[in-house]
Amino acid sequence: MESLFTLGRHTLAGVRALLVLTLLLGVAYPLAVTGVARAAFDWRASGSLVTADGGRTTSYDDAVGSALIGQASSGPEWFHPRPSAAGEGWDPLATGGSNLGPQSAELVATIEERRAAVAAEEGVDPADVPADALTASASGLDPHVSPAYAALQVPRVARENGLSEAQVAGLVEEHTDGRTLGFLGEPRVDVLALNSAVAALRD
Amino acid sequence: MSSLVPALLQVAALVALLALTVPPLARYLAHVYSAPRHLAPERVVYRAVGVDPDADQHWRSYLTSVLGFSLVGVLALYAFGRLQQHLPLSLAMEALPADGAFNTAVSFVTNTNWQWYSGEAALGHLMQMTGLTVQNFVSAAVGMAVAVALARGLARSGAQGRVGNFWVDLVRGVLRVLLPISVLGALVLVVLGVVQNFDAPQVVGTLADGSQTLTGGPVASQEVIKELGTNGGGFYNANSSHPFENPSPLSNLVEVYLILLIPLAMALAFGRLVGDRRQGRAVLAVMSILLATSIGLLTWAEMAAPGAAPAAAGGAMEGKEVRFGEAGSALFAATTTGTSTGAVNSMHDSLTAPGGLVTLFNMQLGEIAPGGVGSGLYGMLMLAAVTVFLSGLMVGRTPEWLGKKIGQREMVLVALYVLATPAVVLVGTALAISTDAGLAGQQESGAHGLSEVLYAVTSAGNNNGSAFAGLTTGTPFYNTLLGVCMLAGLFLPIVFVLALAGRFAAQHRVPAGAGTLPTHKPLFVILLTGVALVVVGLTFVPVLALAPIAEALQ
């Protein structure tokens, strides 16, 4: 009985502590961070939105997407991103990967199908298709492909847009990032920015 | 895709950042938890809470405060989840089901942050920032408080079981440590691209004439404490693989750094709190050896890419992001499971079999390499007690540790601590694989299916929170089972830790003698590392052999 009474007393203190801390950590803190972020780094705080010509905006109405979030571009005139397991593909309301394991027969079959499809579309040897073109990312929103997968797509994109391969290869190079500081992360190509550049050159 | 030299430089950069900042933070932590003076804003809080900040609590009273405060947290978060549709910023999300609300409430209060739901599809902004973010802070501060109480127990002499004041430890942990680092870290993350707004989901027309719904939210303010407090609950389902949570290789490094910062600093702070900095360095050494080994093994596994699917694709990129690659994903996976964080930047279910084995083993070590912000230190200290005891048996003396005798009663508490979490994990796994409701969740059959279940229960019991997410767990069975595992996996050990802290505090210090095992020398570091590996090995090798080891041998 006495210990129950003590627990009750401590719990009451707990109620008051949680209330005070909630006002501080659950209201004041996120509001303050948002206020400073909005004032000083509005574009980032708004979700790094970009316009069709690749410019920055903070208005959803002017945006074609976020510079950070991959989106579907399956038409033959576009550079394709990686496979996506987010919902029906590229759905930010259902993010995530396939979660298929390393011995999964289903995953092996899917990879083989993708390899054949990519090789056929790009007209290359199936053995030349890189791993990122064959696998679904973790988020389902991966905005990047490897430089190898981008290079594979250059002839098709050039042909479909009436551009020269040299022109398109130049755009790929422009939109390729090396490792940050030379050693962080992996070399990568930003697909949305690259497609914006292709569209601008085409028009 | 990853190559070895950049992968090594990435780890070297992390080590350099930590080497520069962990020692000063440790000095600061020791000051925070021992300074007699209260700051003015803290006095305001103590008055509002109605506690005397200068009261020195007996361990039982300290424990009751921990349990009372946590009980309130569970009830409040449960109510929040059940009522979120009536609250502002709800984004028209519905109430969580009863079993789901229970699971989530327990999950965030126990610092586990297991998530059965998808954040973007189930939670409004207010639930995220006012319900979950608050628990991210306070559950971390509670863990740190318990670790500090144990250190005090060892440091004090004849203190009648008094181990400090919980409310002071809680409030100082939040106000002086977690909040200032979070404010700074959140702004750094925003600069690197992490989103921070209160927008509802917005549809935009995409470049290729499709449409996409962009999902903003107060993410940076939650992301930073999710890593810093070794919590791990993502704003989005994809967690730290989502570009809005972790946009670049640089943000990835920052997040891994934030995860490791406090657990490592707590080890050194321990040395200062017991008045012998060498003791802290020995604990730090053991943590570092275990962590470095798991980073090395995981990086090797993902870059070597064994297994049918990685072989078919020519690399282990399923469930990984291009910007992180195999090395950046392996570094994060080792860190998040070596601590009790459980955030992920790759899908662990798709890791190679040896890679998945390392993540499981990391959690089964009991989250000590370097573990949660508080649980890492107290977990390691409990194993240190085992080590001292075993060494004492070898030379036939009553073992003593930092001047405190480890007698029968102390050893009973230590043994109960060591047994509690493995019992929760093994019984929970057995329950899940022997019932239809448990088996129904598996995405794959055979060894990998068992890995999925074992991973889930291991993650819940050790308060990690990451998943082999192929397992469907948003069911009443798993929500209840894992909820109970999370509660038992956190609070049973805390009872034994605080009871031991009280017994140590009551003892009078005995001077070190000729037979005393020095606990700051390389020999002890090796012994403690060995004890940690043997204890977890004896407990878990049979089930590991049936799951990821069997898979790796396929």
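All chains are named by letter (A, B, ...) in the order of the sequence lines, taking the proteins before the strands, and each is independently numbered beginning at 1.
- Of the atoms belonging to Leu192(A), heavy atoms from both backbone and side chain fall under 4.5 Å from chain B.
- Residue Val20(A) touches chain B through its side chain alone, counting heavy-atom pairs closer than 4.5 Å.
- For a residue to count as touching a neighbouring chain, one of its non-hydrogen atoms must lie under 4.5 Å from one of that chain's; by this rule Gln135(B) touches chain A with the side chain only.
- In plain terms, the two heavy atoms of Arg38(A) and Asn197(B) that are nearest each other are NH2-CB, 3.3 Å.
- Looking at Leu214(B) and Leu49(A), their side chains come closer than 4.5 Å, going by heavy atoms from C-beta outward.
- Contacts of Thr22(A) with chain B are made by both backbone and side-chain atoms, with heavy-atom separations under 4.5 Å.
- With rounding to the nearest 0.5 angstrom, the CZ atom of Arg82(A) is 4.5 Å from the CE atom of Met317(B).
- With a 4.5 Å cut-off on side-chain heavy atoms, Ser137(A) and Ser241(B) do not count as touching.
- For Ala199(A), no part sits under 4.5 Å from any heavy atom of chain B, backbone or side chain.
- For the residue pair Leu207(B) and Ala52(A), the shortest heavy atom distance occurs at CD1-O, 3.9 Å.
- A distance of 6.5 Å separates CG in Leu250(B) from OG1 in Thr180(A), rounded to the nearest 0.5 Å.
- Atom NZ of residue Lys320(B) and atom OG1 of residue Thr135(A) lie 9.0 Å apart, to the nearest 0.5 angstrom.
- Atom CZ of Phe198(B) and atom OG1 of Thr34(A) lie 3.5 Å apart (nearest 0.5 Å).
- Of the two parts of Glu444(B), only the side chain, counted from C-beta on, holds a non-hydrogen atom closer than 4.5 Å to a non-hydrogen atom of chain A.
- Both the backbone and the side chain of Trp90(A) come within contact range of chain B, with heavy atoms under 4.5 Å apart.
- For Ala136(A), the parts sitting under 4.5 Å from any heavy atom of chain B are the backbone and the side chain alike.
- Contacts between Val224(B) and chain A at a heavy-atom distance below 4.5 Å involve the side chain alone, from C-beta outward.
- For Arg9(A), no part lies under 4.5 angstrom from a heavy atom of chain B.
- Between chain B and the options Trp78(A), Trp43(A), Tyr29(A), the largest number of non-hydrogen pairs under 4.5 Å is found for Tyr29(A).
- For Gln103(A), the parts sitting under 4.5 Å from any heavy atom of chain B are the backbone and the side chain alike.
- Rounded to the nearest 0.5 Å, atoms OG (Ser139(A)) and CG (Asn239(B)) are 11.0 Å apart.
- At least one side-chain heavy atom of Leu100(A) sits under 4.5 Å from a side-chain heavy atom of Gln443(B).
- Using a 4.5 Å cut-off between heavy atoms, Leu8(B) does not touch chain A at all.
- The candidate from Gly328(B), Pro218(B), Gly216(B), Gly193(B) with the greatest count of non-hydrogen atom pairs under 4.5 Å with chain A is Gly193(B).
- Only the backbone of Val145(A) comes within contact range of chain B, judged by heavy atoms closer than 4.5 Å.
- Looking at Ser182(B), the atoms closer than 4.5 Å to chain A (heavy atoms on both sides) sit in the backbone and in the side chain alike.
- When all heavy atoms of Ser98(A) and Glu318(B) are compared, the closest pair comes out as OG-OE2, 2.6 Å.
- Heavy atoms of Ser196(A) lying under 4.5 Å from chain B belong to its backbone as well as its side chain.
- In this structure the side chain of Phe244(B) reaches within 4.5 angstrom of the side chain of Ser66(A), judged on heavy atoms.
- Taking both residues in full, the closest heavy atoms of Pro30(A) and Ser221(B) are given as CB-OG, 3.9 Å, listed atom of the first, atom of the second, then distance.
- There is no contact between Val171(B) and chain A, counting heavy-atom distances below 4.5 Å.
- Between the CG atom of Leu179(B) and the CG atom of Leu25(A) there is a distance of 6.0 Å, given to the nearest 0.5 Å.
- Using a 4.5 Å cut-off between heavy atoms, Leu175(B) touches chain A through its side chain atoms alone.
- At a 4.5 Å heavy-atom cutoff, the contact between Thr133(B) and chain A is made by side-chain atoms alone.
- Side-chain contact between His10(A) and Ser61(B) is present, with at least one heavy-atom pair separated by less than 4.5 Å.
- Taking the side chain as every heavy atom from C-beta outward, Leu21(A) and Phe69(B) approach each other to under 4.5 Å.
- Of the two parts of His448(B), only the side chain, counted from C-beta on, holds a non-hydrogen atom closer than 4.5 Å to a non-hydrogen atom of chain A.
- Residue contact with chain B, scored on non-hydrogen atoms closer than 4.5 Å, involves the side chain of Ile111(A) exclusively.
- Atom CD of Glu173(A) sits in a sparse spot, with 12 or fewer heavy atoms from other residues, nucleotides or ligands closer than 6.0 Å.
- Both the backbone and the side chain of Val190(B) come within contact range of chain A, each with at least one heavy atom under 4.5 Å from a heavy atom of that chain.
- Of the atoms belonging to Gln554(B), heavy atoms from both backbone and side chain fall under 4.5 Å from chain A.
- The contact between Val174(B) and chain A is made entirely by side chain atoms (from C-beta outward), counting heavy-atom distances below 4.5 Å.
- For Asp209(B), no part lies near chain A; criterion is any non-hydrogen pair under 4.5 Å.
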